[in-house]
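Below: one structure, written as structure tokens.
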Amino acid sequence: QPKIQLASALPLGFSSRAEMMDIWLKEDCEISKLRADLQSMLPGGIQILSIEQADDSAPALQTQVVSAEYEVTIPAELASALDGKLAALLESGSLPRERRGKQYDLRPLIEELTLTPSPPPERERGAEGGVRVKFRLTPRAGATGRPEEVLAQLDIPAEAARIERTHLIFQG
């Protein structure tokens, strides 16, 4: 049985193009064979892009995540005055929030929040209409920036948006 640890757990209902994980194996094996074996067990649509062997003394990926980028598609009917809402949110000095009975400030967890241009051609086919916003959120001690909380600040229900993590950023 391998020991597997995701770099950053993804909430239910989100999609991703950027999942990374540490896997510890009891025995060494050829990376190309491991990749083929793992790929054969995954459901269609999930693709292993690369596998790298790390030093056993290297820190776990989970401890190295400094931020995550998301692409959020907001239905056009909910995107009125979005430019102004984004500007107001970014100009806020503080965005007090509570999660599981703990108080924290959401504002310093938002590194970037911008409207994005139309989707690249490979993403257009079958994509739902709407406005796309790029979020870059960071974890801090005691709190992690979460897209659904940013959407709540914009008065947009998370269940109405399509949230996809596109990139994880690591230390060094």
Side-chain angles (χ1 to χ4, degrees), residues 2-24 35 38-39 41-52 54 58-76 78-79 82 85-86 89-90 92 95 97 99-100 102 104-172:
K3 178 182 171 187
I4 300 173
Q5 183 179 47
L6 292 170
S8 180
L10 194 62
L12 185 64
F14 289 19
S15 62
S16 176
R17 290 182 256 158
E19 293 309 288
M20 295 186 71
M21 66 181 73
D22 285 314
I23 300 175
W24 292 266
R35 181 178 177 179
L38 290 173
Q39 187 67 60
M41 293 181 245
L42 293 172
I46 297 177
Q47 181 181 9
I48 297 173
L49 299 177
S50 69
I51 294 178
E52 297 176 18
L61 288 173
Q62 193 174 59
T63 66
Q64 301 299 302
V65 175
V66 294
S67 57
E69 292 180 351
Y70 299 86
E71 184 179 278
V72 180
T73 303
I74 299 167
L78 296 176
L82 191 56
K85 289 178 182 180
L86 292 174
L89 191 146
L90 290 172
S92 297
L95 297 168
R97 299 286 295 176
R99 187 184 315 140
R100 295 187 198 120
K102 293 181 123 182
Y104 68 99
D105 186 0
L106 178 62
R107 181 58 192 97
L109 306 178
I110 302 170
E111 293 181 350
E112 182 180 334
L113 188 59
T114 56
L115 287 172
T116 62
S118 59
E122 69 274 5
R123 304 274 306 157
E124 283 185 85
R125 197 173 40 237
E128 65 279 4
V131 176
R132 286 177 174 75
V133 180
K134 181 180 177 182
F135 294 11
R136 185 176 328 131
L137 307 173
T138 188
R140 298 265 166 92
T144 298
R146 295 170 53 158
E148 65 272 23
E149 292 182 330
V150 175
L151 289 170
Q153 289 293 142
L154 297 170
D155 297 321
I156 297 169
E159 60 276 3
R162 182 178 179 276
I163 303 169
E164 181 172 37
R165 184 161 58 201
T166 58
H167 193 70
L168 287 173
I169 300 166
F170 296 92
Q171 291 176 0

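In this text, all values refer to a predicted model and were calculated from it rather than measured experimentally.
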**Verdict with reasoning, T166 to Y70, per side-chain contact (heavy atoms from CB on, under 4.5 Å)** = CA-CA 5 Å; T166 58; Y70 299 86; 5.8 Å; no

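- By the side chain to side chain contact (heavy atoms under 4.5 Å, CB included) test, S92 is found to be paired with L95, residues two or more places apart in sequence or in another chain being considered.
- Closest of all the heavy-atom pairs between S16 and L10 is CB-CD2, 3.5 Å.
- Scanning both residues, P59 and T63, for their nearest heavy atoms gives CB-OG1, 3.7 Å.
- Applying the side-chain hydrogen bond (donor to acceptor under 3.5 Å, both in side chains) rule to D105 yields the partners S94; only residues at least two apart in sequence or on another chain are considered.
- Using a distance-only test at 3.5 Å, with no hydrogens or angles considered, a donor-acceptor pair links the side chain of D22 to the main chain of L61.
- Without hydrogens or angle criteria, R162 side chain to V72 main chain gives no donor-acceptor distance under 3.5 Å.
- Q47 meets the side chain to side chain contact (heavy atoms under 4.5 Å, CB included) test with Q39, L49; sequence neighbours excluded.
- Between the side chain of R35 and the backbone N or O of I48 there is at least one donor-acceptor pair closer than 3.5 Å.
- Under the 3.5 Å distance criterion, the side-chain polar atoms of T138 are left unmatched by any main-chain donor or acceptor of S67.
- Residues S8 and L168 share a closest heavy-atom pair of CB-CD2, 4.1 Å.
- In this structure A79 satisfies the side chain to side chain contact (heavy atoms under 4.5 Å, CB included) test together with I74, L82, V131, sequence neighbours excluded.
- Taking both residues in full, the closest heavy atoms of T144 and P139 are given as OG1-CB, 3.8 Å, listed atom of the first, atom of the second, then distance.
- Across all non-hydrogen atoms, the minimal contact from L137 to R146 is CD1-C, 3.6 Å.
- For E112, the salt bridge (charged side-chain N to carboxylate O under 4.0 Å, His left out) partners two or more places apart in sequence, or in a different chain, are K134, R136.
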Acceptor/donor pairs from residues 150-161 side chains to any protein atom, 3.5 angstrom cut, sequence neighbours excluded:
residue: Q153; atom: OE1; partner: R97; partner atom: NH1; Å: 3.4

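- Scanning both residues, A7 and V65, for their nearest heavy atoms gives O-CG2, 3.6 Å.
- With sequence neighbours excluded, the residues that form a side chain to side chain contact (heavy atoms under 4.5 Å, CB included) with P11 are F14.
- Under the salt bridge (charged side-chain N to carboxylate O under 4.0 Å, His left out) criterion, R99 pairs with E149, sequence neighbours left out.
- Taking R165 as the reference, E19 meet the salt bridge (charged side-chain N to carboxylate O under 4.0 Å, His left out) condition, with sequence neighbours excluded.
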